[in-house]
J.: 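Have a look at this one before I ask anything.
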Protein chains: 2
Amino acid sequence: MTYTLAEEDYLKAIYKIAERHGTPVSTSAIAELMQTRPASVTDMLKKLADKELIDYKRYHGVSLTRTGARQATLLIRKHRLWECFLVDKLGFSWDEVHEIAEQLEHIQSDTLIDRLDDYLENPKFDPHGDPIPDASGAYRMRYQILLSDLGLHQPAVLVGVREHASSFLQYLDQNRLALGATLEVIEVLPYDGSVRLRLGDGEPILISGQVARQLYVRQTTESA
Amino acid sequence: MTYTLAEEDYLKAIYKIAERHGTPVSTSAIAELMQTRPASVTDMLKKLADKELIDYKRYHGVSLTRTGARQATLLIRKHRLWECFLVDKLGFSWDEVHEIAEQLEHIQSDTLIDRLDDYLENPKFDPHGDPIPDASGAYRMRYQILLSDLGLHQPAVLVGVREHASSFLQYLDQNRLALGATLEVIEVLPYDGSVRLRLGDGEPILISGQVARQLYVRQTTESA
DNA sequence: TTTGTACTTTAGCCCCGTCTAAATTCTTCA
DNA sequence: TGAAGAATTTAGACGGGGCTAAAGTACAAA
Ligand SMILES: [Mn+2]
Ligand SMILES: [Mn+2]
Ligand SMILES: [Mn+2]
Ligand SMILES: [Mn+2]
């Protein structure tokens with residue numbers, strides 16, 4: 001019923017890889033995300049399989065069981081709620097909170113996280129725009145597309161980031177690319193796929209195609 | 001520069017025992033407080049001595065070095081600030097917070113705890129009346145005596161508890177014995193040392209000598 | 001001064017989570 | 001279809017932190 005820090009982090013890693021690349025999840029993908037060796041991953045996979053948190057067939061990758069998936073989403077819930085706390089209450093910026101939340105998410109207390117949720121007034125999204133599962137583990141995906149897939153002159157709002165590295169988030173800050181910003185693609189440069197944007201009512205800015213593929217936007221009504 | 005959870009808890013235990021019973025601190029005292037075996041304590045003492053966090057001579061107990069004591073007080077600072085957060089912001093009661101703070105105190109972040117301190121408006125005492133060290137590790141002891149040592153008809157205020165067990169704190173709640181309560185000893189029963197108190201302006205209550213020896217009070221002016 | 005007893009340490013073991021090196025299995029392509 | 005070559009697992013080790021049982025030390029009482 002209660003899992004170790006390492007077990008929790010593995011479950012979360014498997015969940016995130018499955019979410020992005022589908023199932024089954026390979027040993028090497030887990031090793032890369034967790035910065036460990038594949039041999040270490042194999043060891044842990046056996047333990048998680050013994051506890052029926054994953055379905056594991058040697059040489060064929062893993063997927064989470066219902067129990068494992070539930071545990072992973074509860075951990076993600078805790079991670080994201082703590083990030084909200086750090087940003088909204090303690091004044092951290094969105095590029096500073098990940099490492100701390102990576103620790104805080106493992107605090108074991110049945111009531112703590114629900115009280116924190118109430119204290120924060122039940123936020124639905126974390127500082128990076130990621131949805132926060134409720135106490136039962138359920139959440140709805142926000143409607144979103146990649147900025148790189150947004151049509152020309154389609155008004156849209158920045159709602160999330162695919163990349164969470166500090167350096168990337170700081171780059172966004174420097175270019176006034178904050179969540180909630182309204183934008184519109186003015187031009188896509190054919191040579192390298194760079195994108196020229198109108199941001200709010202300011203001067204147009206230019207971002208690389210690389211960056212455009214890391215930003216999630218929601219289209220707004222034409223007339224907005 | 002950064003210590004494991006177990007190392008931190010051992011340093012804190014040594015600090016607390018030394019504070020209450022003086023130095024050197026015995027292996028068995030540590031084992032009892034930490035709920036482990038003396039053999040395990042001996043193993044850890046060797047490691048802490050290697051890292052120069054304690055002075056250790058086989059068979060003769062330990063004391064903290066300057067570095068060790070500093071580390072212990074910083075841990076206590078974190079523990080007590082988190083307890084304030086849990087009580088003041090999340091609405092926990094003082095008997096529910098110890099276990100959670102026991103985990104939260106180990107979160108590693110240079111800035112987190114200082115921001116938390118500011119967010120809580122730099123409290124000087126935790127929910128149990130214990131002083132909170134500042135960022136440099138310094139704190140002043142509150143003036144206090146045991147209720148069992150308070151003279152008859154001396155007006156006083158309840159400022160701290162020596163015992164932190166949930167059952168004890170709940171007992172205090174049930175008898176309206178909260179920190180800050182004004183009180184006065186009306187009578188000490190000679191047979192078993194029980195104490196009759198006037199609490200605020202309510203009816204007198206009777207507490208055992210056992211309980212009276214767990215409560216810290218500060219005398220107030222006669223005219224108060 | 002000796003000795004009994006309580007306290008402490010050592011020896012040897014265990015589990016967790018990680019690693020390297022070697023062996024195994026899968027897959028792809030000639 | 002039969003190797004390479006890549007991915008994965010196994011074998012064996014290690015450090016951290018804990019335990020039991022046995023041995024060593026200190027100290028108080030005789
Ligand atoms: Mn984590
Ligand atoms: Mn996030
Ligand atoms: Mn602790
Ligand atoms: Mn406290």
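What you are looking at is a predicted structure, and each value in this text was computed from that prediction instead of being measured. The sequence lines fix the lettering, A, B, ..., with proteins before strands; numbering per chain opens at 1.
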J.: So if I take every side-chain heavy atom of B:Thr27 and compare against D:dT8, D:dG17, C:dT8, which nucleotide ends up nearest?
T.: C:dT8

J.: Between atom CG in B:Leu45 and atom C1' in C:dT8, what is the gap in whole Å?
T.: 10 Å

J.: For the side chain of A:His60, counting heavy atoms from C-beta on, which of D:dT9, D:dT25, C:dC26 is nearest?
T.: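 Selected nucleotide (nearest to the side chain): C:dC26.
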
J.: Counting side-chain heavy atoms from CB outward, which of D:dT8, C:dT8, D:dT20 is closest to B:Ser26?
T.: C:dT8

J.: Have B:His106 and B:Asp9 got a donor and an acceptor in their side chains that come within less than 3.5 Å?
T.: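 Checked: B:His106/B:Asp9 side chains pair up, N/O donor to acceptor below 3.5 Å.
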
J.: Atom NZ of A:Lys57 and atom C1' of C:dT24: how far apart are they, to the nearest Å?
T.: 16 Å

J.: Measure CE/B:Met44 against P/C:dT9 and give the value in whole Å, please.
T.: 14 Å

J.: C:dC19 phosphate, OP1 or OP2: any side-chain N/O from A:Ser40 under 4.0 angstrom?
T.: yes

J.: Please give, in whole Å, the distance from D:dG18 P to B:Leu5 CG?
T.: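 Roughly 9 Å, once rounded to whole Å.
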
J.: Between A:Arg77 and A:Asp114, is the closest basic N to carboxylate O distance under 4.0 Å?
T.: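 Counted as a salt bridge, because a side-chain N and a carboxylate O are separated by less than 4.0 Å.
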
J.: Tell me, please, whether A:Tyr119 has A:Lys89 positioned over its six-membered ring: NZ or CZ under 6.0 Å from the ring centre and within 45 degrees of its axis?
T.: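 Relative to the ring axis of A:Tyr119, which defines the angle, A:Lys89 lies inside both limits.
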
J.: Between B:Trp82 and A:Trp82, what is the ring plane arrangement, given parallel below 30°, perpendicular above 60°, and tilted in between?
T.: perpendicular

J.: Out of C:dT24, C:dT18, D:dG18, which nucleotide sits closest to the side chain of A:Tyr10?
T.: C:dT18

J.: Counting heavy atoms from C-beta on, name the nucleotide in C:dT24, C:dC19, C:dG17 closest to the side chain of A:Thr36.
T.: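 Comparing C:dT24, C:dC19, C:dG17 against the side chain of A:Thr36, the answer is C:dC19.
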
J.: Expressed in angstrom and rounded to an integer, what is the separation of A:Lys47 atom NZ from C:dC14 atom C1'?
T.: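 Nearest whole value for this atom pair: 13 Å.
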
J.: Does B:Lys46 put a side-chain nitrogen or oxygen below 4.0 Å from OP1 or OP2 of C:dT10?
T.: yes

J.: Over how many whole Å does the gap from B:Gln35 atom CD to D:dG18 atom P extend?
T.: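 In whole Å, D:dG18 P and B:Gln35 CD are 12 Å from each other.
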
J.: By nearest atom, which of the nucleotides D:dC19, D:dT10, C:dC7 is closest to the A:Ala39 side chain?
T.: D:dT10

J.: Does A:Lys51 make a cation-pi contact with A:Tyr3 (under 6.0 Å, within 45 degrees of the axis)?
T.: no

J.: Between P on D:dG16 and NZ on B:Lys51, what's the gap in Å once rounded to a whole number?
T.: 7 Å

J.: Taking atom P of D:dT8 as reference, at what distance in whole Å does atom CG of A:Asp43 sit?
T.: 15 Å

J.: Does B:Tyr56 put a side-chain nitrogen or oxygen below 4.0 Å from OP1 or OP2 of C:dT9?
T.: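 Yes.
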
J.: Which listed nucleotide (C:dT18, D:dG17, D:dT10) is nearest to the side chain of A:Thr42?
T.: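 My answer, after comparing the listed nucleotides, is D:dT10.
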
J.: Of the options C:dC19, C:dT10, D:dT10, whose atoms approach the side-chain atoms of B:Arg58 most closely?
T.: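 Ranking C:dC19, C:dT10, D:dT10 by closest atom to the B:Arg58 side chain puts C:dT10 first.
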
J.: A:Thr4 or A:Tyr59: which one's nearest nucleotide on DNA chain C is closer to the 5' end?
T.: A:Thr4

J.: From the options C:dT10, D:dG17, D:dT9, select the nucleotide whose nearest atom is closest to the side chain of B:Ala6.
T.: D:dG17

J.: Looking at A:His164 versus A:His128, is the centre-to-centre ring distance below 6.0 Å?
T.: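 Yes - the distance between ring centres of A:His164 and A:His128 falls below the 6.0 Å cut-off.
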
